[in-house]
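Throughout, a chain's letter reflects where its sequence line sits, starting with A, and its residues are numbered from 1.
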Amino acid sequence: MRRDKLDKLRAVGRDPFRTNWDQTHTSKQAFAQFEAEEAAFFDANPTVKAELAVYEAAAEKFNAAKMERRAKIQAGEITQQDPFELPEVPEKPEVPMGAEVSVAGRVVMFNVMGKASFLKLLDRDGIIQIYVTRDDLPEGDYNAFFKKMIDLGDIIGAKGKVFRTSTGEITVHITDYAIVSKSMRPLPEKFHGMKDPEQIYRQRYLDLISNEESRNRFRLRSEIIKEIRRYLWDRDFNEVETPCLHNVAGGAAARPFVTHMNALDCDFYLRIALELHLKRMLVGGVDRVFELGRVFRNEGLSRRHNPEFTMLEVYQAYTDHRGMMDLIKGLIHHLCENVLGTFQIPVHGKDEVIDFAAPWREAKYNDLVIEATGDADWFTRSREDKLAACEKLGIKVDPEAADFEVTNDVFEKLIEPTLIQPTFVTRIPKELCPLAKLNESGDGSLDVFELCINGQEIAPAYSEQNDPFVQREMFEAQVGEETQDLDEDFLVALEHGMPPAGGMGVGIDRLVILLTAAGNIRDTILFPTLRNKSSAE
RNA sequence: GGGUCGAUAGCUCAAUCGGUAGAGCAGUUGCCUUUUAAGCAAUUGGUUGUGGGUUCAAGUCCCACUCGACCCA
């Protein structure tokens, strides 16, 4: 269909896919410039400002009456032909037009009103309206080309002076334009936007064009990442990039993806964590180090899990998990202040608000379990008694699960979902993590915390294990459970001496879910993992 | 992996008990020089996810498959 238009455009020497357009202003920049010009004019002409206020009040009444009439027509109470009176509106006081701007963007609205038209262009900052009349364009252009050749979805450039319409919208009154890139396919429905989740993920660009909420969320994600970097750089952390292809998939308990390298004829694992390489950096003397990178876990998909996700890991020498508490609290406060402009974040789908400004709770793992089970002697009971107790509590547990796994099921199913406000869960049992230092108390708990917010784990942090002998023992205990291979190279690194350090991992996607009140990890990942679908049409 | 629900025009959605597949937006053709989901008039658009079955008759009932959503493991 639209191919015909390509030929017609080319026939008169207009390239439907131009190489450039000189965009001098984005929508936001044009608004800012005009508002400044307008303010300067009002300062010099205070009477006009007063007259304009009178006019705007009248215009508002006029528009309200018009809307009311339209609503009545829609409801069938009156018809288009019924007589009607609209309130009088005084002559609009003259405000000079602003300077000329050149804008560009995708046409997302096109109202032709006879010899004049309104269009809206979507650019990287938002949406700006342009206005054109027949007489502003070269003879014949408006009827033969402007109205005929521009479709919703085309990318156009437009040049003209800025003004404010009678309804108060800042608009560019254009005198020159060009179709910069013709769209061959129609846009999604303009009012409802794109709804089908599958299509949103597969064709995210259409979602971004038609859904402002989605656009805003991904802009926020970008700003969050920018501010995380700034926060860490300001505190003298070095950003590094370590390999994605690992010989041993270590640093976490997760099933890895396996891939094959032809040149060396050997298998590699896609990394499941950043930890072991970043600790090698500590050994190498990079005392403050972080990496923001993708990790891959070959596990299920859910509202909270995508097989590839973005992780921040931070390591700081000469501190411990307590230092990490200050760091993550400071980081989230920084994001609240510099990105969101608020410390209170609503929870998606719930009538609840997370208050980051209030003091953050700190609770020991064991205390939380005792509180949730109502059993002060929980930890001295046998595995069988615990299993029986779980049944009473309505928690499904694998009957083969080890003692600590039964308890951890209680934690994950009964406690974690209730931790909505920021909570540092400390003193986690040593079986759950082989890479942290044991607490001095000798009770088998670790000097670690798990920061839980909105019922999910956001950031685990450790006082990092730097004793190579203890580390080896703890690895060997884990390898038996087939979750991790033993990373001999890492142990050799530790044997060279690693400074005492605090380390932390932050799931960026989950953080973004939290901070943007999204309901699903897939709303925070541009192109979430989906099954291949051959009929991509 | 298990359960529940879903897939109808480019998009958002209808279609009663199994009986001629419709509407709005988008598109096309007109009218309209400050519109705001603009309006008015006309008009195009479909192998109802795929494959099979039951039936005089299937978008609708049955079976299998594909893709997805939600919940569970």
Could you state the atom-to-atom distance from [atom1] of [X] to [atom2] of [N] in whole Å?
{"X": "A/Asp398", "N": "B/G1", "atom1": "CG", "atom2": "P", "value": "19 Å"}
{"X": "A/Lys190", "N": "B/U12", "atom1": "NZ", "atom2": "P", "value": "16 Å"}
{"X": "A/His192", "N": "B/A14", "atom1": "NE2", "atom2": "P", "value": "11 Å"}
{"X": "A/Tyr131", "N": "B/C32", "atom1": "OH", "atom2": "P", "value": "14 Å"}
{"X": "A/Lys147", "N": "B/A38", "atom1": "NZ", "atom2": "P", "value": "18 Å"}
{"X": "A/Glu299", "N": "B/G1", "atom1": "CD", "atom2": "P", "value": "15 Å"}
{"X": "A/Lys120", "N": "B/C25", "atom1": "NZ", "atom2": "C1'", "value": "16 Å"}
{"X": "A/His305", "N": "B/C72", "atom1": "NE2", "atom2": "C1'", "value": "14 Å"}

Open item on the list: What I'd like to find out is whether the side chain of A/Val295 reaches to under 4.5 Å of the side chain of A/Ile272, using heavy atoms alone.
Closed with: no
Open item on the list: Between A/Asp523 and A/Ile513, is there a side-chain heavy-atom distance shorter than 4.5 Å?
Closed with: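 No, every pair of side-chain atoms sits at 4.5 Å or beyond.
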Nearest-neighbour nucleotide for the [X] side chain, [options] considered:
{"X": "A/Lys5", "options": "B/U35, B/U28, B/G27", "result": "B/U28"}
{"X": "A/Thr167", "options": "B/A38, B/A69, B/U36", "result": "B/U36"}
{"X": "A/Asp151", "options": "B/G68, B/A38, B/U28", "result": "B/U28"}
{"X": "A/Ser166", "options": "B/U34, B/U33, B/C25", "result": "B/U34"}
{"X": "A/Asn111", "options": "B/U34, B/C67, B/A38", "result": "B/A38"}
{"X": "A/Pro186", "options": "B/C32, B/G10, B/U35", "result": "B/G10"}

Watson-Crick or G-U wobble partner of [N], both distances under 3.5 Å:
{"N": "B/G49", "result": "B/C65"}
{"N": "B/G1", "result": "B/C72"}
{"N": "B/U34", "result": "none"}
{"N": "B/U54", "result": "none"}

Task: B/A69 to B/G53 separation - C1' atoms, rounded to the nearest Å - done: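 Going atom to atom, C1' in each nucleotide, I get 28 Å.
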TODO: Could you give the distance separating B/A9 and B/G45 at their P atoms, to the nearest angstrom?
DONE: 15 Å
Task: Parallel, tilted or perpendicular, as decided by the 30° and 60° cut-offs, for the rings of A/Phe163 and A/His173 - done: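 A/His173 and A/Phe163: tilted rings.
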Open item on the list: Let's test your reading of the model: under 3.5 Å, does the base of B/U35 pair with the side chain of A/Gln129 as donor and acceptor?
Closed with: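 By the distance-only test, yes, there is a pair.
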Task: Distance-only donor-acceptor test, A/Thr165 side-chain atoms vs B/U36 base atoms, 3.5 Å - done: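 Checked by distance alone, the answer is yes.
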Would you indicate what [X] reaches in the nucleic acid, counting non-hydrogen atoms under 4.0 angstrom: base, sugar-phosphate, or nothing?
{"X": "A/Gly193", "value": "sugar-phosphate"}
{"X": "A/Asp135", "value": "base"}
{"X": "A/Phe110", "value": "nothing"}
{"X": "A/Gln199", "value": "sugar-phosphate"}
{"X": "A/Asn520", "value": "sugar-phosphate"}
{"X": "A/Arg522", "value": "sugar-phosphate"}

State, to 0.1 Å, how close [X] and [Y] come at their nearest heavy-atom pair, and which atoms those are.
{"X": "A/Pro528", "Y": "A/Ile525", "answer": "CD-O, 3.4 Å"}
{"X": "A/Val180", "Y": "A/Gly157", "answer": "CG2-N, 3.4 Å"}
{"X": "A/Tyr365", "Y": "A/Leu432", "answer": "OH-CD1, 3.9 Å"}
{"X": "A/Leu446", "Y": "A/Cys433", "answer": "CD1-O, 3.5 Å"}

Open item on the list: I want to confirm an ordering. Mapping A/Glu169 and A/Gly519 to their closest nucleotides on RNA chain B, which one lands closer to the 5' end?
Closed with: A/Glu169
- [ ] Please tell me which of A/Leu187 and A/Leu530 maps to the more 5' nucleotide of RNA chain B, matching each residue to the nucleotide holding its nearest heavy atom.
- [x]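 Closest to the 5' end, via its nearest nucleotide, is A/Leu187.
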Task: Anti versus syn assignment for B/C17, with syn defined as within 90° of 0 - done: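 For B/C17, whose glycosidic angle is within 90° of 0, the conformation is syn.
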